[in-house]
Visitor: 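The structure that follows is given in the form of structure tokens.
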Number of protein chains: 2
Amino acid sequence: MNIHLYLRLNQNDMRIRDVNKIELVKEKAVELLVKVGFEGFTMSKLAKLCNISVATLYIYYKDKDDLILQIGLEETQKLSAMMLEGFDPNFTFEDGLRHQWKHRAKSMLENPLSCQVIEQLRTSTYQEKIFESMTETFKQTLGVFMDRAVAKGEIDLMPMETYWSVAFGPLYALVRFHNEGRSIGGRPFILTDEILWASFNLVLKAFKK
Amino acid sequence: MNIHLYLRLNQNDMRIRDVNKIELVKEKAVELLVKVGFEGFTMSKLAKLCNISVATLYIYYKDKDDLILQIGLEETQKLSAMMLEGFDPNFTFEDGLRHQWKHRAKSMLENPLSCQVIEQLRTSTYQEKIFESMTETFKQTLGVFMDRAVAKGEIDLMPMETYWSVAFGPLYALVRFHNEGRSIGGRPFILTDEILWASFNLVLKAFKK
DNA sequence: AATATAAATGAATATTCATTTAGTTATGAA
DNA sequence: TTCATAACTAAATGAATATTCATTTATATT
């Protein structure tokens, strides 16, 4: 009888025959999920894509749900870490907002697959389990930043949701247009620096007193 | 107890024993899709939820794909029709934008299930097939509206995507917060008229010359 | 080198699923 | 009433799928 130690993966006592194998699984899982969606994602497809046995997947993960959940969690954490990198709540409002636009755009444009997986998870039944963790981090940092901006008289007092929506809603829309590769019209859309910062300036104007 | 209404569908000369049955199927399909997501949606679950035989579903729809596609299409068309209702490209920029915020918010808040299904479809593999049709209608109407606003000197010239993102990105974010029922913090969030129009005013300011 | 241990696997197993079949029931027309 | 037709159904089917089992293989430790 096998005991599956899927919780102890990162400890040192695991004999890794092929170190790249788990990483390969994660990478291919994201790829597959983006390609075929939740409705087409199966363990055998993933195994075949990795050129490993299905059984091996069950050494790494308890079951399909666990696999998707863990990988999803990793992706969201990876991306949110990138987004908050170098952010300081003491920034002026304008600098802070600009920093966030820069880092969020960069993170998302450089990791389109992660982005798409996270979007899929957002609208799936895994939603709740995944976004508890993520929002906590943001809540803290952005909350403090906003409170200070209000205290400094840089912006008016408003609900966090209003602030977030006006500040980042446009950015996320732009990135979605870019990632979907087609616009409201039929032409392909590329989110250039020029377009990004022109949009940013509009948003900044929205907050000006 | 069944109520039999002897009516004919204009479509296929189909004798409907129970007119409400197809409507029931559509309604429950949306419900189920929202509840269990694509990954959990099965024909038998749907049939059981409707208290009909699985085989009956195959009288209404060719197969599972057809079912999801048709129902998804109907939902998107229903919602987009509501959104464009009463919109006139000759509106001033401010009036037009206000009209859109009002109608889009109303449509989405009154149809949370439709909203969630459409969001799920957006990120699924059905995406392309469904959103071709929808974007066409919007493209036309909004394109004309925007061109006129630029011509009248109400707003600066900018790519359609910039305009759309800044104008509606915040609205969609607010509605998502509302539908998800929880905010960036932990409190439940309700999109009140006050919050909606306060956010609108910020967005409007973004476009002011 | 021998041993122990865990990773890895190919091949089963059990289950679920979409779809079909074969038959029943309700309906409209003659 | 009778007949033809189409809605409707329970049960069956076969394919796909998640998961497990019995072994084999690699590696660290002795």
Side-chain angles (χ1 to χ4, degrees), chain A residues 1-26 28-29 32-33 35-71 124-126, chain B residues 1-26 28-29 32-33 35-71 124-126:
Chain A
M1 158 107 153
N2 267 344
I3 299 168
H4 300 280
L5 298 178
Y6 45 85
L7 289 177
R8 306 177 55 192
L9 281 185
N10 290 326
Q11 293 181 6
N12 304 329
D13 56 351
M14 196 170 76
R15 291 190 214 162
I16 300 287
R17 196 173 297 178
D18 184 347
V19 190
N20 303 316
K21 199 161 281 178
I22 299 183
E23 284 308 315
L24 182 75
V25 168
K26 289 177 190 168
K28 293 292 179 187
L32 186 62
L33 212 49
K35 192 174 174 191
V36 301
F38 274 112
E39 63 274 19
F41 185 95
T42 71
M43 296 297 266
S44 0
K45 277 184 195 164
L46 177 57
K48 188 163 288 178
L49 207 61
C50 299
N51 283 316
I52 62 171
S53 161
V54 220
T56 307
L57 294 175
Y58 284 86
I59 296 171
Y60 299 153
Y61 302 97
K62 182 168 144 278
D63 52 28
K64 190 186 172 185
D65 247 41
D66 181 51
L67 185 150
I68 289 177
L69 214 58
Q70 275 196 232
I71 292 180
S124 80
T125 48
Y126 296 94
Chain B
M1 163 188 25
N2 277 342
I3 299 168
H4 303 299
L5 297 177
Y6 311 138
L7 287 178
R8 274 174 177 279
L9 272 196
N10 357 355
Q11 294 180 347
N12 315 334
D13 217 26
M14 207 167 37
R15 280 191 223 159
I16 297 295
R17 210 173 282 179
D18 184 347
V19 188
N20 302 316
K21 199 161 282 179
I22 298 184
E23 284 308 314
L24 182 76
V25 168
K26 288 177 190 168
K28 293 292 179 188
L32 185 62
L33 211 49
K35 193 175 174 191
V36 302
F38 274 112
E39 64 274 21
F41 185 94
T42 71
M43 296 298 266
S44 0
K45 278 184 195 164
L46 177 57
K48 188 164 285 175
L49 206 62
C50 299
N51 282 317
I52 62 172
S53 160
V54 220
T56 307
L57 295 174
Y58 284 87
I59 295 170
Y60 300 154
Y61 301 97
K62 183 168 142 279
D63 52 28
K64 190 187 173 186
D65 246 42
D66 182 51
L67 186 150
I68 290 178
L69 217 55
Q70 273 195 234
I71 292 180
S124 79
T125 48
Y126 296 95

Visitor: Nearest 0.5 Å, what's the NZ-NZ distance between Lys28(B) and Lys48(B)?
Guide: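 Rounded to the nearest 0.5 Å, the NZ-NZ separation comes to 14.5 Å.
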
Visitor: What is the separation between atom CG on Leu32(A) and atom C1' on dT17(D), rounded to the nearest whole Å?
Guide: 14 Å

Visitor: Just the rounded figure in Å: distance from C1' of dT9(D) to CE of Met43(B).
Guide: 15 Å

Visitor: Reckon Tyr60(B) has a side-chain N or O less than 4.0 Å from the OP1 or OP2 of dC8(D)?
Guide: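 Indeed, a polar side-chain atom of Tyr60(B) lies that close.
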
Visitor: Toward the 5' end of DNA chain D, which comes first, Phe41(A) or Ser53(B), by nearest nucleotide?
Guide: Ser53(B)

Visitor: So, is Lys64(A) close to the dT15(C) phosphate, meaning a side-chain N or O under 4.0 Å from OP1 or OP2?
Guide: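 For dT15(C), OP1/OP2 do not have a side-chain N/O of Lys64(A) under 4.0 Å.
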
Visitor: So if I take every side-chain heavy atom of Ala55(B) and compare against dT21(C), dA18(D), dT19(C), which nucleotide ends up nearest?
Guide: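 The closest nucleotide is dT21(C).
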
Visitor: When you get a sec, tell me which of dA8(C), dC17(C), dT19(D) is the closest nucleotide to the side chain of Asp63(A)?
Guide: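 Closest nucleotide among those given: dT19(D).
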
Visitor: Between C1' on dA7(C) and CG on Leu24(A), what's the gap in Å once rounded to a whole number?
Guide: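 Roughly 16 Å, once rounded to whole Å.
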
Visitor: In this structure, how many angstroms lie between the P atom of dT17(D) and the CG atom of Leu67(A), rounded?
Guide: 16 Å

Visitor: Between Lys62(A) and dA18(D), does any side-chain N or O lie under 4.0 Å from OP1 or OP2?
Guide: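 No, no such contact exists.
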
Visitor: Counting N and O atoms only, with roles assigned by atom type, does the side chain of Lys64(A) sit under 3.5 Å from a partner on the main chain of Phe41(A), one being a donor and the other an acceptor?
Guide: yes

Visitor: Within the structure provided, determine whether Leu33(A) and Ile71(A) are in side-chain contact (heavy-atom separation under 4.5 Å).
Guide: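 A side-chain contact under 4.5 Å is absent here.
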
Visitor: Give the rounded distance in Å between these two atoms: CD1 of Ile59(B) and P of dA10(D).
Guide: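 Whole-Å distance recorded here is 12 Å.
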
Visitor: Would you kindly give the CD1-to-P distance between Ile22(A) and dA7(C), to the nearest whole Å?
Guide: 9 Å

Visitor: Is Thr56(A) touching bases, backbone alone, or none of the nucleic acid, heavy atoms closer than 4.0 Å?
Guide: base

Visitor: For the pair made of CD1 in Ile52(A) and C1' in dT25(D), what is the distance, rounded to whole Å?
Guide: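 Taking CD1 of Ile52(A) and C1' of dT25(D), I get 16 Å after rounding.
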
Visitor: Any side-chain heavy-atom pair from Leu67(B) and Tyr60(B) closer than 4.5 angstrom?
Guide: no

Visitor: Please give, in whole Å, the distance from dT20(C) P to Leu57(B) CG?
Guide: 13 Å

Visitor: Applying side-chain contact (heavy atoms from CB on, under 4.5 Å) to Ile68(B) and Phe38(B), what does each step give before you reach the verdict?
Guide: CA-CA 10 Å; Ile68(B) 290 178; Phe38(B) 274 112; 3.9 Å; yes

